[in-house]
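As the structure is a computational prediction, the values presented were derived from the model and not from experiment.
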Amino acid sequence: MVYFSYAVSNKGMRCTYSTTTKFDLGTTEEEQEEVEVHSLISGKMLYARMRLLVLLLVLLMVLPFIADAERSDLRFLLTSNGTLGQKHSEGYCAMYDICGNRTDGKALNCPFGSLSVKPDDLLSSKIQSLCPTITGNVCCTEAQFETLRSQVQQAIPLLVGCPACLRNFLNLFCELSCSPNQSQFINVTSVDKTASNLTVGGIDFFITDNFGEGMFDSCKDVKFGSSNMRAIELIGAGAENFTDWYKFLGLRAALGSPGSPYAINFRSTAPDSSGMIPMNVSTYSCGDALLGCSCGDCPASPICSASASPAPQRKGSCSVRIGSIKAKCIEVSVAIFYIVLVSVLLGWGFCHRKKETAPVSRTNPLVGVTNVGVLRHVNSQKDENIPVQMLEDVPQITNGVQLSIVQGFLAKFYRKYGTWVARNPIVVLCSSSAIVLVLCLGLIRFQVETRPEKLWVGPGSRAAEEKQFFDSHLAPFYRIEQLIIATIPDTVHGKPPSILTENNIKLLFDIQKKVDAIQANYSGSVVSLTDICVKPLGQDCATQSVLQYFKMKSENYDSFGGIEHVEYCFQQYTSADTCMTAFKAPLDPSTSLGGFSGNNYSEASAFIVTYPVNNVVDEEGNDTKKAVAWEKAFVQLAKEELLPLVQSKNLRLAFSSESSIEEELKRESTADVITILISYLVMFAYISLALGDTPQCTSFYISSKVLLGLSGVMLVFLSVLGSVGFFSAVGVKSTLIIMEVIPFLVLAVGVDNMCILVHAVKRQPLELPLEGRISNALVEVGPSITLASLSEVLAFAVGSFIPMPACRVFSMFAALAVLLDFLLQVTAFVALIVFDFLRAEDNRIDCFPCIKLPDPNTDNGVNQRKPGLLARYMKDIHAPILKLWGVKVVVIAVFSAFVLASIALCTRIEPGLEQQIVLPRDSYLQDYFKDLSEYLRIGPPLYFVVKNYNFSSESRQTNQLCSISQCNSDSLLNEIARASSVPDTSYIAKPAASWLDDFLVWLSPEAFGCCRKYTNDSYCPPDDQPPCCSVTNGACSPNGVCKDCTTCFRQSDLQNARPSTTQFREKLPWFLNALPSADCAKGGHGAYTSSVELKGYEDGIIQASSFRTYHTPLNKQVDYVHSMRAARDFSSRVSDSLKIEIFPYAVFYIFFEQYLNIWRTALINLVIAIGAVFVVCLVITCSLWTSAIILLVLAMIVVDLMGIMAILNIQLNAVSVVNLVMSVGIAVEFCVHITHAFLVSSGDRNQRMKDALTTMGASVFSGITLTKLVGVLVLGFSRTEVFVVYYFKMYLALVFLGFLHGLVFLPVLLSLFGPPSRCVLIEKQEDRPSTSSQI
């Protein structure tokens, strides 16, 4: 007895529509006492049977004596005349005719031997059409043959694509049922009494191992397309060899269960004394010239092996083995380069040190200025040994700076502008504020974008276009609602116990009952799961749950057998009727269980319940809104009822809906409001301290800058609101990142300039009027502030070239906000500085300027300007240490080592953005994604979409796509099958489900139960479907309505087994509407309903069709990226080879496309950003030398930051790319001010380095480093992981790297290789004004 399960699967789901078929051909499960029955059929049958009963009684009496007398393997029954007959010889039958039926209706053969019978011509032709190896006499009646034919017709659709396998398979059962020499290899070993007749109870089937091996080898790789599995899984329970297959085929079925009515024991050798000869009909190889199979069904065929394209190899990184250590080539290269660099540096330092110790002339310390050393010495030292007359004769010498054209223009502008602002602060403050407030009016049109596909996918991306094509031409991917119920690991062994217990399954029924009872409200109507779920056959929901083994009904639990039934279904889910789902499909246990290894489903530690829900292309459609309403109710139920219920059973629950991520992202916008506010308050407090003078009890109320700091913070917020208002006015939607990050970012950037401006004003001589101090301060720091701000704006603006919308919009908003902040700083904030200094000079209290204190006689400290602690540290400690040669060598060596190590580490940065990171830490999705990665054992569905398939007879494209017999060896489906054999590199788990293969098989005349027609040429369904049968008590009984139906075509009607253009066009709709059933499992309804677009196919062109397979399980972000790249490379190669447009599609591609070229995007944007800074520096300073040094330091900071990303396992994605680009702009501030101060200082390089640190070091440390540090530290307490990883960790690393490079490495680099000074000595006569620019 053989039984089969035929399955067809709905798009994207691991579920298949199945019907079950049993071949009533007999098996035996265990060897019984061997009794042989032989009777000559003569006279009346009743008389013969009565005599047989008598003989059986005699046999029961004499058997013990026979057993003692003979030790033969066979024990024979007496014949009718009492003598031993020739039972096992040529021309004799072992089972002839049908003698009864079991109570479940299964036919039972007669256990009587007889001579083979010559059939009439009609029966002979029928037998020849199915069993060409049987000629002449036969051992089957017409009724037996019809039983054989009706049963094997159900297997034909599975195997007809491989003719060799089908022929071998048919030969096995043809010989068993009808061979004229049946008695030579069939031995009836037990008989049963059915009604008043004896029937076969079990047989031995002697068959050679050669036949078994040949049949198994020809069938082991045959695919059953619609279920994405091998046919042997359905007709052999996944047998790994022919003996396992035989055991499966020989099982005896229980009453009411599918299977054989008697047992078959397959044996390879017969006892010598029996005279029996094992059956050894010739087998056909799947590579046979006449009956050969396709390469997909026979990859071992020599033709296929010769034409097979080489499997794609995963690109490995270059590596070098040094002893037992294996290192990457880049690591070895940078190590060698570093050794050479340090050696050169030490050699150069040693030689330079020797030259420095030698006596040298101390004249001309300033390059390019004639006799400048003497003049500088006279002016600065005022040597008392020089006669007074000589001093009087020497013209008056002063220091001046030879500025570039741009710097000169900026200096003149800021000098005049500073004076004007100091005189008109109210006008400047009101006008600048008014302009920004006008921009803020755009906030009326403010909107926030929260849809993930609109945030992370560029509209012009290839993945977006392919998704649009797939959704509009085929069908959108369904929505997923999921529950994961898992056991808690044992505290002793750490291993979770099995989830498969009676209590847990009953708990699952309770949970399912609650889910089914969900009634969501949408526009006044009630929405339940049955209203929105995917229904493959239009009736029951395709819920993926182990409860499907009980038809989703709790009352079936006990009647089906409880846990034992579940474990039985784990092995027989493709074949047993009782294991079929409520939606008439087998359920793969790997889709509903998790936490097991291999196929050990019983050790599973988690239930995975999946509810596929219908999706629509139009996201504004009512169906989607109904689904969203139900999803919200589903999540609420899970939180309020299911979670406590599961936890009370000492289990864990994780859950998710399709809209969960979007809803959690919305919630994220409020998750860190307190954290961000605290960050702003901390920065504001620090600003107030940093802007003020050293606190003194007597003057604190006057010298503090709290009001000025608060005003500066308000200006920052105005700049952010102005930026958001402007873009809102032009129709650009904001994002949550903009609302949360940009204010902090602009505040961190803007605070620097506030501190630098205030400190510059404080450094001016107090004897100057306020307008003079303001003017001089702007001339001193204005160019460097302008340079830094423009660099930041350009660096942020470069991010607008990133294709990801969220990051592009973020960069646009940030660039405009920084620009507005800069403009407000040099306008409104300068005006506020004027007001604040006027307040202080007028002895008015900070924060309460209306209150004026009496002017004390003692100095209140306002008029004192002593160097601060940081300034003294920079001048007296920091700079002298950096001047030491040993320190310089160590600094250069250490920083060079870190940057080279970072270059090597950069290769370890993986692309991606873990979903858990973008969600709040307390989100219920955190546990869901963790469990999903831990328990899921299947990969995402993968579709290969073919555009404009030409199915006409003149085209070769049919054979270029299919994978059955006569298809090209390099066809698309054959190539997919080959790729699935190397899943480690292709990321394709199994061959594709092919509507085309199944359609061609369905059309085949050999599949005579499939494509049928009435006499009027209309479609006729299989005999086991209405109206061909009548449904009574759940069973469909033949009614004769379809007795005149014939196959759609004869073999002669087809051209090389392929339909003509007209035949293809006419029958394709029939196929897509045909329901799968026992008589024909190839029906395309449900399985392929959405796999083919029929619109416009009348012209011979199918615009869109898809072939479904699966990716391997993808656990990491990098796996998703690699799988997408592998699928695209595969489809591109096949498309070029076949000249057919093919592309891969998976639902996650649209979100991961950005990572395919993320490195290229990052490098291009970084090069543009650094290049923009270089150009700005070059234009403003007109110094290639200075610009090159800034460029070098910026590049080192960025590379070091990427090295830290590798150390901290921070992935490369659009967020980190934007951060890297912005780090260029932020790092500029650490470099520009020190470099500019060095450029305008006088003396040798060491002295100029000291002056630069003394002048700007304190401002860089307090105004740039600490302002960013205090704000960044607060982000470490954020509840959202994305803030912690991408804003706290990266910005903290950036602050430390900027500080170290700006205040340690850059000064050392300038002291060694700094550009010449712009400071010159100006000869100024009393009657001749200077024409040079002065400070």
Ignoring hydrogens and angles, tell me if any N or O in the side chain of [X] forms a donor-acceptor pair with the backbone of [Y] under 3.5 Å.
| X | Y | value |
| --- | --- | --- |
| R1065 | Y1097 | no |
| S965 | C162 | no |
| S1105 | S1091 | no |
| Y478 | V534 | no |
| H1111 | Y987 | yes |

| said: Checking E233 now: which residues fulfil side-chain contact (heavy atoms from CB on, under 4.5 Å) with it, not counting sequence neighbours? | reply: M229, R230

| field | side-chain contact (heavy atoms from CB on, under 4.5 Å) partners for Q966, two or more places apart | value | N1056, A1057, R1058

Over all atoms of both residues, closest heavy-atom pair of [X] and [Y]:
| X | Y | result |
| --- | --- | --- |
| S282 | N171 | O-ND2, 4.2 Å |
| A977 | S980 | O-OG, 2.6 Å |
| F944 | A1127 | CE2-O, 4.3 Å |
| S953 | S1060 | OG-CA, 3.3 Å |
| N950 | S955 | O-OG, 3.1 Å |
| L474 | A1104 | CD2-O, 3.7 Å |

| request: Tell me, with the steps shown, if S597 and E603 meet side chain to side chain donor-acceptor pair (under 3.5 Å). | output: CA-CA 8 Å; S597 59; E603 68 178 22; 2.7 Å; yes

At what distance, to the nearest 0.5 angstrom, does [atom1] of [X] lie from [atom2] of [Y]?
| X | Y | atom1 | atom2 | value |
| --- | --- | --- | --- | --- |
| K1116 | E910 | NZ | CD | 6.0 Å |
| E1093 | K947 | CD | NZ | 11.0 Å |
| S461 | E1153 | OG | CD | 4.0 Å |
| C1011 | W1070 | SG | CH2 | 6.0 Å |
| T591 | Q548 | OG1 | CD | 9.5 Å |
| L932 | E934 | CG | CD | 10.5 Å |

| request: Count the heavy atoms of every other residue, nucleotide or ligand shown that sit under 6.0 Å from CZ of R462, and state whether that count exceeds 12. | output: yes

| field | Atom OH of Y284 with >12 non-hydrogen neighbours under 6.0 angstrom | value | no

| query | Do Q544 and S592 have a side chain donor and acceptor closer than 3.5 Å? | reply | no

| message | Regarding C286 and C298, I want to know if their SG-SG distance comes in below 2.5 Å, which is how I'm defining a disulfide. | response | yes

| request: Would you indicate whether C1080 and C1010 have their SG atoms under 2.5 Å apart? | output: yes

| Hey, would you say the H1122 and Y1155 ring centroids sit under 6.0 Å apart? | no

| query | Under the side chain to side chain contact (heavy atoms under 4.5 Å, CB included) criterion, do L1068 and V1092 qualify, and how do the steps go? | reply | CA-CA 10 Å; L1068 181 58; V1092 185; 4.2 Å; yes

| CA sep, side-chain torsions, deciding dist, call: T283, N168, side chain to side chain donor-acceptor pair (under 3.5 Å) | CA-CA 6 Å; T283 57; N168 294 332; 5.0 Å; no

Parallel, tilted or perpendicular: rings of [Y] and [X] (30°, 60°):
| X | Y | value |
| --- | --- | --- |
| Y1145 | F470 | parallel |
| F1143 | F469 | perpendicular |
| F242 | Y246 | perpendicular |

| message | Using side chain to side chain donor-acceptor pair (under 3.5 Å), reason through N210 and T208 one step at a time and then give a plain yes or no. | response | CA-CA 5 Å; N210 288 337; T208 64; 5.2 Å; no

| field | Working for side chain to side chain donor-acceptor pair (under 3.5 Å), residues N974 and S971 | value | CA-CA 5 Å; N974 282 331; S971 68; 3.1 Å; yes

| request: Could you please spell out the steps behind the side chain to side chain contact (heavy atoms under 4.5 Å, CB included) verdict for K467 and Y1149? | output: CA-CA 9 Å; K467 181 181 185 300; Y1149 282 2; over 6 Å; no

Just wondering, do [Y] and [X] contact through their side chains at under 4.5 Å, heavy atoms?
| X | Y | result |
| --- | --- | --- |
| D588 | Y601 | yes |
| F477 | Y943 | yes |
| E1006 | V1001 | no |
| E240 | W245 | no |

| query | Taking it one step at a time, do Y935 and L593 satisfy side chain to side chain contact (heavy atoms under 4.5 Å, CB included)? | reply | CA-CA 8 Å; Y935 296 120; L593 295 173; over 6 Å; no

| query | Should L1072 and W995 be marked as a side chain to side chain contact (heavy atoms under 4.5 Å, CB included) after you check the CA-CA gap, both sets of side-chain angles, and the distance that decides it? | reply | CA-CA 9 Å; L1072 295 177; W995 69 267; 5.6 Å; no

| task | Report the residue from V946, L996, I1140 that forms a side chain to side chain contact (heavy atoms under 4.5 Å, CB included) with L972. | result | V946

